[in-house]
Amino acid sequence: AQKITQTQPGMFVQEKEAVTLDCTYDTSDPSYGLFWYKQPSSGEMIFLIYQGSYDQQNATEGRYSLNFQKARKSANLVISASQLGDSAMYFCAMRENNNAGNMLTFGGGTRLMVKP
Amino acid sequence: DSGVTQTPKHLITATGQRVTLRCSPRSGDLSVYWYQQSLDQGLQFLIQYYNGEERAKGNILERFSAQQFPDLHSELNLSSLELGDSALYFCASSVAAGGNSGANVLTFGAGSRLTVL
């Protein structure tokens, strides 16, 4: 089974509007972390936001917030006031505490396109 | 600039050849990870090193090997290259080897794009 599922291969959003990128995950580990990364067309992977499984509040970083619904195993990324520079691929990732290392498992990504 | 340096940025080679990708982690980071990003497989974890020792192994082919040196830089060696090895190879680094903390975020380099012809 897929550990991280991003069901939206591509999305459009109007500049200055908010957009939600979906992510669902599957784990039996009670301790885990959820991450979002942005990959612009230039290729680099940019860390956006982190949510720990025991965190009581949803994470926020500037225009990014994470809508964490633990019972539903979802960790959706909300981008407020979209900008043209937000056009990129967005990846959701999970780190489980029971893995030997610190590696992340990534979803397939969502391509976001911001329309002027 | 993320602080993680990968060389070369682009590499074109032929099937059957061997290449070495190099990574210098961010200052202070002890852990190095290698990921492969291809169109059909997405982002796949290959291998992790922590302070010179292998920590975790993912979907790394036997034709591939890696190591982390005493100065903490890492190299990924790809041999007997096949067309399907064409991909973007990322190195990432983090402070610690494990644990679920927001402080232990993976910082990625810009990647090395390998094209096998």
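Owing to the predicted nature of the structure, the values given are computational and were not obtained by experimental measurement. Just so it is clear, the values below take in all heavy atoms, side chains as well, and ignore hydrogens, waters and symmetry mates. Chain letters run A, B, ... following the sequence lines, proteins first, then strands; residues in each count from 1.
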Peer 1: How long is the straight-line distance from NE2 of B:H10 back to OG1 of B:T115, given to the nearest 0.5 Å?
Peer 2: 9.0 Å
Peer 1: Under 4.5 Å heavy-atom distance to chain B, tell me which part of A:Q51 shows up: side chain, backbone, both or neither.
Peer 2: neither
Peer 1: Report which part of B:L88 has an atom under 4.5 Å of a heavy atom belonging to chain A: side chain, backbone, both, or neither.
Peer 2: side chain
Peer 1: NZ of A:K70: more than 12 outside heavy atoms within 6.0 angstrom?
Peer 2: yes
Peer 1: Could you have a look at B:G111, B:A110, B:G42, B:G58 and say which one has the most heavy-atom pairs with chain A under 4.5 angstrom?
Peer 2: B:A110
Peer 1: Counting heavy atoms not belonging to A:K115, are there more than 12 under 6.0 Å from its NZ?
Peer 2: yes
Peer 1: Just by distance, with hydrogens left out, do A:Y25 and A:T105 show a side-chain donor and acceptor under 3.5 Å apart?
Peer 2: no
Peer 1: Taking side chain as everything from C-beta outward and backbone as N, CA, C, O, which of these in B:Q37 sits under 4.5 Å from a heavy atom of chain A? Side chain, backbone, both or neither.
Peer 2: side chain
Peer 1: Check each atom of A:F91 against the heavy atoms of chain B and say whether the ones under 4.5 Å are side chain, backbone, both or neither.
Peer 2: side chain
Peer 1: Can a donor-acceptor pair be found, under 3.5 Å and without considering hydrogens, that links the side chain of A:K73 to the backbone of A:T27?
Peer 2: yes
